[in-house]
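Start at 1 with the first residue, then count along the sequence. Since we're looking at a predicted model, the values are computed, not measured. Order of listing sets the numbers, starting from 1, for every ligand and every atom in it.
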Amino acid sequence: MKPELIGFVHFDRPGSKNNQIEVLVAKEKASFFLRNKFIKIVNSFGGDKHFIGRIVEGPFFQPEEVSRDSALAQVSILHGEEFPAPPNFYATFIIEVIGELDGTRIISSGSRPSPQSKVLTLNDDELYSILGLEEGDMVIGNLEGYPNICIKFNSKKISVIPRNLGIFGTVGSGKTNTAQVLIEELANQQWAVLVLDIEGEYTMMNKPNDNPHEIEKLKRFGLTPSGLKDFNVLKLCNQESTVETAEEVTIKIDQIDPYVLAEILNTTEPQTAALMAIIDILKRKNKDLKQELDEEENVLTPGKKTKSMYTLDNIIETIDEHKSNPEKLGVRRGSLQPLRRKLISLRRSRAFDDPTAVSIRPDVLLKPGKVTVFDLSYTPDYEKNLLTAQLLSRIFEAKKKDKTRSLPKTAIFIEEAHTFVSRENKDKMFETIRMLKEIARRGRKRWLALCFISQQPSHLPNEIFELANTRIIHNIRSSKNLDVLRLSSGGVTEEMWNCVPTLDVGHAIINGPQFKNSLIAQIRFCKTKRVRQEDIE
Ligand SMILES: Nc1ncnc2c1ncn2[C@@H]1O[C@H](COP(=O)(O)OP(=O)(O)OP(=O)(O)O)[C@@H](O)[C@H]1O
Ligand SMILES: [Mg+2]
């Protein structure tokens, strides 16, 4: 398709912004102009420059020969029934100038289009190469306003998924659907995927999407509904699950870093000191077991691990043994009892050190194309966070030990990430954040990626934003939530941020290392089944 001339650049107003221009368009051509569409501007004076722009505001209509406030203009509108047509009119639009075209690349420009520069349509092929959308093997959706322009992530580039992802947006903006799409595509590319599912929303991904409207929309991408083949739902032992078939896992207390355990239990300093002293005693007592456990710990060797260095029960028993003389432990009197209470309440969930349930086994979970969902929908908060911490450290340890790189590329999705680490408890979660940072830093080389999902980005500590290099930002109306993203995301223009509160469901800004410019995408529907309320009841 040949580029079509659709309008011309107007003179500027005093106070015009560097990256914005106004375009005048005859009314017959105004219908091409839809917000967020891309256009090319051919400079009229001052050099043979081409600019690329995006329509951000308009159409605004003005009468051509008379002024808006003239009697003729007003009467023709006011008594519309007596006037067959209004006076001639035209449309104006505001264009965000994204940059100058250098071959097929957009580069930043030190200039602006001059008046009477031609404004032309861009065809799909041109847009593909200008926006750098040719590469990629994971179909995420299409460019907003362009049903035929696919947006694909590249699962094979170490600078994309392994630099971690963030999916943000208000309640019901489409985050879970987006995550499901990413999970499907990663599994299809033979990644192992683990999902920490707070609401039980991902538990039916082994079934095909059964929503007729969504199935119809999927056809546009040449996709049909299908469930995941290698799919497993796990739940913590003695807890309920959204699906009957969920298998039980237990949390091994000796597999959690004692400092992380203390942080998650929100212990005071004296209580932390007491917990460390007790764990030290238990480790010394069972030091003979260490060798044996280390051998079993070779996570790549199958074999159920049933022994522990110490269990939650052991910790409680040791507290009881020292109840009367805590000084012998070198801990403050009064610190043991509150610690004991916290541990007893943990024990009530019966999720810990259950010898009949399997523990987290990286060798079982990390298989190419396998998706494992941890259904935490009926799990209390402490247990949820302890399982998350244990899973992260077990997977990371396995990846570190995998010298021959025999484990598959791996992604871990963390729903409602702000309930795991938050800005509020950030100072107390030093060890947990340190662990996340280390995973993000050292995991990249080992193809271990994290995906944080949150409806409350303002509750997340800044460290998380620094880790999540690809961000998918759905509709956000709260300025508090928007501000934290705005401050931490480079390369998103003011004009694009202004779109966020009005993004439709399922539409999102994509900002990340794969694309030079931030894009607005319409995310596709997932091929797998979405859990609806009636599926649970
Ligand atoms: N890509 C999409 N295109 C069109 N509609 C969508 C899209 N994604 C989701 N929706 C619609 O929006 C609804 C909510 O989607 P979803 O559950 O993914 O949102 P969410 O942000 O995860 O919500 P919550 O905050 O409640 O977890 C879905 O039921 C679906 O109808
Ligand atoms: Mg959701």
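- Between I39 atom CD1 and F93 atom CZ the span is 11.0 Å, to the nearest 0.5 Å.
- At least one N/O/S atom of T176, from backbone or side chain, sits under 2.8 Å from the Mg ion (ligand 2).
- When hydrogens are left out, the protein atom nearest atom 25 (O) of ligand 1 is K175 NZ, 2.9 Å; that is the closest non-hydrogen contact.
- S155 contributes atom OG, which lies 10.0 Å from atom CD of Q190 (distance to the nearest 0.5 angstrom).
- Between the side chains of H418 and Q456, no donor N or O sits under 3.5 Å from an acceptor N or O.
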query: Going through the distances and angles, do D375 and T203 end up as a side chain to side chain donor-acceptor pair (under 3.5 Å)?
result: CA-CA 7 Å; D375 178 8; T203 50; 5.3 Å; no
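- Side-chain N/O atoms of N481 and S458 include a donor and acceptor closer than 3.5 Å.
- Residue contacts with ligand 1: G169 is excluded, as none of its non-hydrogen atoms falls under 4.0 Å.
- A side-chain donor from one of S518 and N511 sits under 3.5 Å from a side-chain acceptor of the other.
- For atom 18 (O) of ligand 1, the nearest protein heavy atom (residue, atom name, distance) is N177 N, 2.9 Å.
- Side chain of D402 to main chain of L407: a donor-acceptor pair is present (N/O by atom type, distance under 3.5 Å, no hydrogens or angles).
- In terms of protein heavy atoms, atom 23 (O) of ligand 1 is closest to G172 N, 3.0 Å.
- The single protein non-hydrogen atom nearest to atom 11 (C) of ligand 1 is V505 CG1, 3.3 Å, given as residue, atom name and distance.
- With no hydrogens or angles considered, no side-chain donor-acceptor pair links H459 and S454 at under 3.5 Å.
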message: Set out, in order, the CA-CA distance, both residues' side-chain angles and the distance that settles side chain to side chain contact (heavy atoms under 4.5 Å, CB included) for N211 and I215, then state yes or no.
response: CA-CA 6 Å; N211 179 315; I215 295 172; 5.6 Å; no
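- Against a heavy-atom cut-off of under 4.0 Å, T170 is close to the following atoms of ligand 1: 21 (O).
- With hydrogens left out, the protein atom closest to atom 2 (C) of ligand 1 is G506 CA, 3.4 Å, a heavy atom.
- Residue contact check for ligand 1: R530 places a non-hydrogen atom closer than 4.0 Å to it.
- For atom 4 (C) of ligand 1, the nearest protein heavy atom (residue, atom name, distance) is F525 CZ, 3.1 Å.
- Within the 4.0 Å heavy-atom criterion, neither part of D504 lies near ligand 1.
- Nearest protein neighbour of atom 1 (N) of ligand 1, counting heavy atoms only, is I523 O, 2.8 Å.
- Atom 31 (O) of ligand 1 has as its closest protein heavy atom E214 OE2, 4.1 Å.
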